[in-house]
Amino acid sequence: MSSSARPVLQVLRQLVANRVAATGFESVLKQISVVDGEEGRCVCELVVSPELSNPRGSLHGGVAATLVDAVSTWAVMTTGEKKPGVTVDLNVSFLKAAPTGEPILIDARTLRVGKTLAFLTVDILKKDCGTLLAQGKHTKFMGV
């Protein structure tokens, strides 16, 4: 990691700590941790806990969608925008289950921030081998 990325990583860690400690919906992600980041990118780690699982014992689809939404929002907040924006479109493709107890990585990247819209992509991966579990695309209105 370059020395210029370290301040962004510190900002990301504080941002995420504040967001998951607040009383809003992101508090369901209280077990998440930031493991890497730079301008426009945020990489987090999470172990799929029973609270985040569906009745079949794997990561709940709604939690995966929340991860796409939250982690990409944190990524875009490291750009010159410094604000979360508002979701316009969110899409998640589920490729493989992540069983309870599985450590996963959530890698969000800002593709482009224009005058009013930001475009982001998120990969949810098995931590140990990098197998792609889900992929999300997120469009945010940044004019607020």
Any side-chain heavy atom of [X] within less than 4.5 Å of one from [Y]?
X	Y	answer
Met142	Thr116	no
Val48	Ser53	yes
Lys30	Glu51	no
Leu117	Val88	yes
Ile106	Leu46	yes
Ile124	Val68	yes
Val113	Val76	yes
Lys127	Ile104	no

For this session: Under the side-chain hydrogen bond (donor to acceptor under 3.5 Å, both in side chains) rule, collect the residues that match up with Thr87, sequence neighbours excluded.
Result: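 side-chain hydrogen bond (donor to acceptor under 3.5 Å, both in side chains) list for Thr87, sorted by chain: His138.
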Least distance between heavy atoms, [X] atom then [Y] atom:
X	Y	value
Val92	Ala134	CG1-CB, 4.3 Å
Leu59	Ala64	CD2-CB, 4.0 Å
Ala98	Leu133	CB-CD1, 3.7 Å
Glu39	Val8	N-CG1, 3.7 Å

Between [atom1] of [X] and [atom2] of [Y], what distance do you get to the nearest 0.5 Å?
X	Y	atom1	atom2	answer
Lys140	Thr73	NZ	OG1	2.5 Å
Cys44	Leu29	SG	CG	8.5 Å
Ser58	Leu52	OG	CG	11.5 Å
Leu67	Glu26	CG	CD	10.5 Å
Leu120	Leu111	CG	CG	6.5 Å
Glu45	Ser33	CD	OG	5.0 Å

Exercise. Any link between Val122 and Leu90 through a network of hydrophobic side chains (Ile, Leu, Val, Met, Phe, Trp, Tyr) touching at under 4.5 Å?
Worked result: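 Same hydrophobic cluster.
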Exercise. For the hydrophobic clusters of this structure (ILVMFWY residues joined by side-chain heavy atoms under 4.5 Å, transitively), does one cluster hold both Leu9 and Val11?
Worked result: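 No, it is not one cluster - the side chains of Leu9 and Val11 are not joined through contacts under 4.5 Å.
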Exercise. Taking only residues two or more places apart in sequence, or in another chain, which ones meet Val16 in a side-chain contact (heavy atoms from CB on, under 4.5 Å)?
Worked result: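 Applying side-chain contact (heavy atoms from CB on, under 4.5 Å) to Val16 gives Val20, Ile32, Val34, Trp74.
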Using a 3.5 Å distance criterion without hydrogens, assess whether the side chain of [X] forms a donor-acceptor pair with backbone atoms of [Y].
X	Y	value
Asn54	Arg56	yes
Lys126	Glu102	no
Asp69	Ser72	no

Problem set entry | By salt bridge (charged side-chain N to carboxylate O under 4.0 Å, His left out) - contacts of Asp107 (at least two apart) | Arg41, Arg109
Exercise. Judged by modelled atom types alone, do Thr79 and Thr110 share a side-chain donor-acceptor pair under 3.5 Å?
Worked result: no
